[in-house]
Amino acid sequence: MAAPSNLTPAASPAKRFLVFFDFDETIINESSDDAVVRAVPGQQLPDWLKDSYREGHYNEHMQRVLAYMAEQGVSEDSIRSVVEEIPPTPGLRALFQYLLNHQQDFELVVVSDANMFFIETWLEHAGARHLFRRIFTNPTSFDATGRLVLLPFHSHSCSRCPDNMCKQVILREYLAHRQEDRGGTPFQRVFYVGDGANDICPSLALGPRDTVFPRRNFPMHQLLMEMHQRQPANFKAKIVPWESGEDVVDCLKKLMEER
């Protein structure tokens with residue numbers, strides 16, 4: 001069973017488009033897991049902790065990092081301050097403003113392998129939390145000792161994804177649930193904005209009317225280009241690389257003109 005996701009009041013069924021956003025290096029300009037290390041005395045982790053990471057088990061690694069931070073006396077306020085200071089990606093504010101101006105057309109969702117505390121802290125500080133109907137991410141809570149406890153989002157059987165999160169499972173389930181909520185009416189188009197290797201899997205579920213926005217020269221973009229060259233028929237969505245949120249705005253504007 002999936003962990004609870006944050007829910008805000010239901011969006012109007014009239015919204016024609018659905019936009020999925022990754023968080024780390026898509027909304028914010030670095031990894032929140034890397035940034036939060038700046039709250040640690042000396043601003044770095046010991047080698048034994050860095051070396052404890054195992055491929056496909058990053059969530060477990062971050063659980064150990066957060067436990068170490070608590071042992072070093074890093075407080076909730078210190079973590080919050082560091083997260084709030086992470087800069088947005090270039091042009092992100094322009095993209096958010098465009099989506100706010102056209103909120104009658106766009107439903108927004110975050111799907112991220114970061115965690116709820118980091119994402120909500122940053123979005124609330126940026127004044128952007130209200131833009132998003134749902135946040136799908138790893139749940140967190142502070143325990144009685146002040147440690148930020150991180151849990152996996154769900155379990156799944158996808159061999160492409162880390163053991164704690166398959167974004168394609170989340171995307172497919174959300175689309176099905178929203179279509180049911182909307183009386184059987186699907187979204188006209190789905191957009192996915194991301195940067196990382198774990199953003200490939202959900203992109204494979206999109207169709208020819210949909211658009212994937214991989215951050216240029218980041219792993220998602222590089223892997224998509226390789227996939228498109230090897231097996232072009234396997235990827236159906238349109239691919240529009242971005243360097244700035246304004247690149248995404250330009251594409252969305254053109255689609256809006258196709259009313």
Side-chain angles (χ1 to χ4, degrees), residues 17-35 53 55-56 58-59 86-99 106 108-114 118-119 122-123 128 132 135-137 158-162 164-172 174-175 187 189-256:
F17 308 127
L18 176 61
V19 187
F20 288 97
F21 280 89
D22 178 42
F23 182 67
D24 289 336
E25 297 188 287
T26 295
I27 289 177
I28 60 172
N29 206 29
E30 62 183 305
S31 163
S32 54
D33 289 338
D34 292 342
Y53 169 67
E55 184 73 29
Y58 188 76
N59 186 267
I86 301 173
T89 50
L92 186 278
R93 296 194 187 281
L95 174 55
F96 277 3
Q97 186 62 53
Y98 176 82
L99 293 169
F106 292 94
L108 311 184
V109 173
V110 172
V111 55
S112 167
D113 199 12
F118 291 178
I119 295 172
W122 194 92
L123 289 175
F132 293 90
I135 297 174
F136 293 98
T137 190
C158 178
S159 61
R160 288 186 294 262
C161 293
N164 65 296
M165 177 174 285
C166 172
K167 293 185 177 184
Q168 183 177 140
V169 169
I170 296 169
L171 182 147
R172 287 186 180 277
Y174 188 78
L175 284 172
F187 290 96
R189 298 179 191 271
V190 178
F191 305 99
Y192 192 101
V193 188
D195 72 280
N198 66 349
D199 295 314
I200 296 290
C201 193
S203 302
L204 293 170
L206 300 183
R209 287 181 57 80
D210 305 324
T211 303
V212 172
F213 295 97
R215 191 172 183 184
R216 188 179 296 278
N217 296 328
F218 277 66
M220 182 188 188
H221 180 220
Q222 295 163 347
L223 290 168
L224 281 178
M225 293 300 98
E226 293 170 8
M227 183 184 302
H228 199 62
Q229 290 174 356
R230 291 197 315 269
Q231 300 169 309
N234 287 0
F235 198 85
K236 299 179 177 64
K238 182 180 180 182
I239 300 173
V240 179
W242 64 279
E243 294 181 359
S244 165
E246 294 176 358
D247 299 330
V248 181
V249 171
D250 290 342
C251 181
L252 296 179
K253 283 180 177 179
K254 291 175 184 176
L255 291 171
M256 290 288 284

### Message
Holding to side-chain contact (heavy atoms from CB on, under 4.5 Å), I want the full list of residues that pass it with E30, two or more places apart in sequence or in another chain.
### Response
A35, R38, I86, P87
### Task
Write down the atom of M165, the atom of T137, and the distance for their closest heavy-atom approach.
CE-CA, 3.8 Å
### Nearest heavy atoms of V212 and A237, plus distance in Å
CG2-CB, 3.9 Å
### Task
Determine which pairs satisfy salt bridge (charged side-chain N to carboxylate O under 4.0 Å, His left out) with at least one residue from residues 189-208, sequence neighbours left out, and list them in order.
K167-D199, R189-E258
#### Entry: For R216, all residues meeting salt bridge (charged side-chain N to carboxylate O under 4.0 Å, His left out), sequence neighbours excluded
E243
### For P219, all residues meeting side-chain contact (heavy atoms from CB on, under 4.5 Å), sequence neighbours excluded
none
### Task
Decide yes or no on side chain to side chain donor-acceptor pair (under 3.5 Å) for Q168 and R172, but give the supporting numbers first.
CA-CA 6 Å; Q168 183 177 140; R172 287 186 180 277; 2.8 Å; yes
### Task
Kindly indicate whether the side chain of L99, heavy atoms from C-beta on, has any atom under 4.5 Å from the side chain of F132.
no
### Query
With sequence neighbours left out, what residues match D24 under side chain to side chain donor-acceptor pair (under 3.5 Å)?
S32
### Message
Any heavy-atom pair between the side chains of F20 and I170 that's under 4.5 Å?
### Response
no
### Query
Is there a side-chain contact between F235 and L204 (heavy atoms, below 4.5 Å)?
yes
### Query
Is there side-chain contact between I27 and F96, with heavy atoms separated by less than 4.5 Å?
yes
### Task
Report the residues that fulfil side chain to side chain donor-acceptor pair (under 3.5 Å) with D33, sequence neighbours left out, ordered by chain and then residue number.
Y58
### Pairs involving residues 189-213, ordered by first then second residue, that meet ring pair (Phe, Tyr, Trp, His ring centres under 6.0 Å) (sequence neighbours left out)
F17-F191
### CG on L95 to SG on C251, rounded to 0.5 Å
11.0 Å
### Summary
Sorted by chain and number, sequence neighbours left out, side chain to side chain donor-acceptor pair (under 3.5 Å) with E25 holds for none
#### Entry: CG-NZ distance between L206 and K236, expressed to the nearest 0.5 angstrom
10.5 Å
### Task
Apply side-chain contact (heavy atoms from CB on, under 4.5 Å) to V19 and V248, showing your working.
CA-CA 11 Å; V19 187; V248 181; over 6 Å; no
### Summary
Correct closest heavy-atom pair for D113 and P162 would be OD2-CG, 4.0 Å
### Summary
Applying side chain to side chain donor-acceptor pair (under 3.5 Å) to Y98 and not counting sequence neighbours gives none
#### Entry: Heavy-atom side-chain contact between S112 and F21 under 4.5 Å
no
#### Entry: Atom pair CG/CG of L18 and L171 - distance to nearest 0.5 Å
7.5 Å
### Sequence neighbours excluded, every pair satisfying side-chain hydrogen bond (donor to acceptor under 3.5 Å, both in side chains) that has a member inside residues 205-215
N29-R215
Hey, can you pull the donor-acceptor pairs under 3.5 Å for the side chains in residues 222-232, sequence neighbours left out?
| residue | atom | partner | partner atom | Å |
| --- | --- | --- | --- | --- |
| Q222 | NE2 | N217 | O | 3.0 |
| Q231 | OE1 | N234 | ND2 | 3.3 |

### Summary
Scanning both residues in full, the closest heavy-atom pair of L175 with V190 reads CD2-CG2, 3.9 Å
### Query
CG of L92 to CH2 of W242: how many Å apart, nearest 0.5 Å?
7.0 Å
